[in-house]
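First the structure, in the form of structure tokens, and then the observations on it.
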Amino acid sequence: MIRVDNITKTFPGAERHAVDRVTFNVNEGNICVFAGPSGCGKTTILRMINRLIEPDEGEIFINGENARTMNPATLRRTIGYVIQQIGLLPHRTIEQNVAIVPGLLKWPRDKTRKRVLELLEMVGLDPGEVGRKYPHQLSGGQMQRVGVARAMAADPPIMLMDEPFGAVDPIVRVRLQDEFLHLQQAFKKTICFVTHDINEAIKMGDYLVILNAGRIIQMGTPIEVLTSPADAFVRDLLGDDRGVKILDLTRSGSLMEPANALPESPGRNGCTVQAVQPVKIALEMMMKKNADQVGVCEGETIVGILTWNGIKEHINRVSGDGS
Amino acid sequence: MDIFMDSLLRRAPGYLPEHLQLVIIPMAIAILISLPAGIIVTRPGYRRYAEKVMALFNTAQTIPPLAVIAIFFPFLGLGYGPAILALTIYALLPIARNTIAAISSVPEDVKEAARGMGMTPKEVLFHVELPLSVPVIMAGIKTSAVLTVSTAVLAALVGGKGMGAVIFAGINFFRPELILAGTIYIGMMAVILERLISLAEYMLVPAHIK
Ligand SMILES: Nc1ncnc2c1ncn2[C@@H]1O[C@H](COP(=O)(O)OP(=O)(O)O)[C@@H](O)[C@H]1O
Ligand SMILES: [Mg+2]
């Protein structure tokens, strides 16, 4: 859906490339997360995709079509863009802000209005309460919701989201992340998502692109990156709790031993988890019940058993050096 | 008292239309020049000149109005035309200065979002930059109008007529009632113009600032 081929960008007067020979693909319906420290070129990559900046070298293809050959304004109207600083127009009401792209696309009034109300509700805002307000009358969390609603207004198949939940406190951030993932299940947009928060990256990403100083250091699914970090930089970025993060991404079903292989009743102590739930949940159950194993269920049926030793072995196996 | 009332009600009012001309014509020309000029110097390609233009305008504004007329006297001589020209130049400054300052201070993130949503440069100008600049531009026009009303008094010195003729006649012939009458009209004109522009501003300014 998005193919970025060896792009490089150097800003005038800069000592090093802001983006250095970067190549990646984003598949349709996926969230591709760009993670890395501040200044590593994440925003610059997004801005090259919608042609707010032109790469010095390399090509970008959107649905197989070279972005260079498209009209920039037309291209941008088909790509939802949530900027880091939100950037709501201060002289327009919330409804008017959300209606900007439909307006540029000359949608009929009724259609736009219906869409705006639907969007505000979709992002968890009460249109009656906030619709007529101006941006400065909203809280940070509300503004970020409006930013997302505005980017989704014309139902663009592609979205670029630059630290979209960056300006709110951690509690609100987690809620916005959960709500957005929920929406994404329904809409299956193709998304480039930028964050400097590795936990957000792991949570939101179908695919991770880890950057440093303009270069791609590692790419892969979150579990791939977590289990085999390319170098010390990625290991540092992932943090000391890499093992626990892995357990958060591993389904209990994948580590269990099938129930019929065990002599004793697996469901004893009454602690069971669903096979689709992360191992982290199973661990929590074990600690609560002071047990060293839990039964794993699919619906009501017990299908296996997950043991403390099994989990330990798994962590040692995947994190290699035992850290 | 009678002579004062006579000056106020019979002699001075005749000079009002002339004086208004000396205000409205320079103001109109000044707006027509400085708005587009302010817009041009704030376009990306010319932005590096904006600071220099601003510095020039700031310096020019510190020259006293009489000096502006004096500077142009050798080239243009005396009369109505030179007075209009000098007043126009003086009226230009606050408007151009405020236009440049206003447009340059539109937050970068707001413009970035507007461009990112697919607004063309023209749409960004008309839907974002100008609406957000209205209050400061209008303040410039107000300053300029009030300034021009009083500066236009000096036009009489170069033969440009207006209320200045009444005031300077009063000074020359020791007739304080003429000075007073002329000054009252100048004051009234300044206040009324200021109110009128404020009204226009109220209708133009985006609601969130009201
Ligand atoms: N418009 C610009 N002009 C000059 N340098 C820029 C510009 N935008 C970004 N940079 C530089 O490019 C590098 C990458 O910036 P950016 O993409 O914003 O990083 P990130 O979003 O990862 O924090 C930084 O060194 C930054 O200073
Ligand atoms: Mg950034």
Side-chain angles (χ1 to χ4, degrees), chain A residues 12 43 46-53 70-94 96-106 132-138 143 146-147 149-154 156 159-164 167, chain B residues 35 38-39 42-51 98-141 198-210:
Chain A
T43 298
L46 289 197
R47 297 178 80 222
M48 285 193 280
I49 295 175
N50 69 3
R51 290 191 64 190
L52 285 166
I53 323 179
M70 303 188 222
N71 175 295
T74 314
L75 173 74
R76 288 176 209 143
R77 289 170 195 186
T78 62
I79 299 180
Y81 185 34
V82 183
I83 73 165
Q84 202 168 347
Q85 310 83 345
I86 314 179
L88 300 180
L89 306 195
H91 59 302
R92 302 273 182 94
T93 62
I94 299 311
Q96 289 168 338
N97 262 285
V98 177
I100 290 170
V101 180
L104 294 173
L105 294 171
K106 309 243 178 323
R132 298 273 152 80
K133 284 190 177 164
Y134 286 91
H136 71 95
Q137 296 169 302
L138 265 54
M143 283 200 262
V146 177
R150 184 174 70 173
M152 295 178 88
M159 304 212 1
L160 309 176
M161 307 179 79
D162 196 350
E163 311 209 12
Chain B
L35 270 188
I39 290 170
T42 50
R43 292 312 87 198
Y46 301 93
R47 199 166 296 152
R48 62 209 139 104
Y49 302 118
E51 226 160 89
N98 279 33
T99 305
I100 296 171
I103 298 180
S104 320
S105 67
V106 172
E108 205 50 54
D109 58 312
V110 174
K111 286 188 279 185
E112 165 93 358
R115 278 193 294 268
M117 282 184 288
M119 284 193 190
T120 60
K122 210 167 105 192
E123 284 163 338
V124 175
L125 175 65
F126 285 104
H127 296 322
V128 180
E129 296 182 273
L130 285 182
L132 287 175
S133 302
V134 165
V136 176
I137 295 176
M138 290 307 275
I141 294 178
S198 295
L199 194 71
E201 182 185 353
Y202 184 79
M203 292 187 294
L204 275 172
V205 165
H208 77 291
I209 300 170
K210 279 180 187 169

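Protein chains get the first letters and strands the later ones, always in sequence-line order, with residue 1 at the start of each. Computed from a predicted model, the values in this text were never measured in an experiment.
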Heaviest contributor of heavy-atom pairs below 4.5 Å to chain A, chosen from B/A113, B/G116, B/A114, is B/G116
Side chain to side chain donor-acceptor pair (under 3.5 Å) pairs touching residues 126-141 of chain B, sequence neighbours excluded, are B/R43-B/E129
- Query: Looking just at side-chain N and O atoms, do B/S198 and B/E201 make a donor-acceptor pair shorter than 3.5 Å?
  - Reply: no
- Message: Does atom CD (B/E51) have a neighbourhood of more than 12 heavy atoms from anything else shown, all under 6.0 Å?
- Response: no
The salt bridge (charged side-chain N to carboxylate O under 4.0 Å, His left out) partners of A/E163 (sequence neighbours excluded) come to none
Cut-off 4.5 Å, heavy atoms of chain B, and the answer for A/R47 is side chain
So, the part of A/L89 with a heavy atom under 4.5 Å from chain B: the answer is both
So, the part of A/L88 with a heavy atom under 4.5 Å from chain B: the answer is backbone
Given A/I100, A/L105, A/N50, the one with more heavy-atom pairs under 4.5 angstrom with chain B than any other is A/I100
Bottom line for B/E108: the part with an atom under 4.5 Å from chain A's heavy atoms is neither
Are B/T42 and B/T99 packed together at the side-chain level, in the sense that at least one heavy-atom pair is separated by less than 4.5 angstrom?
no
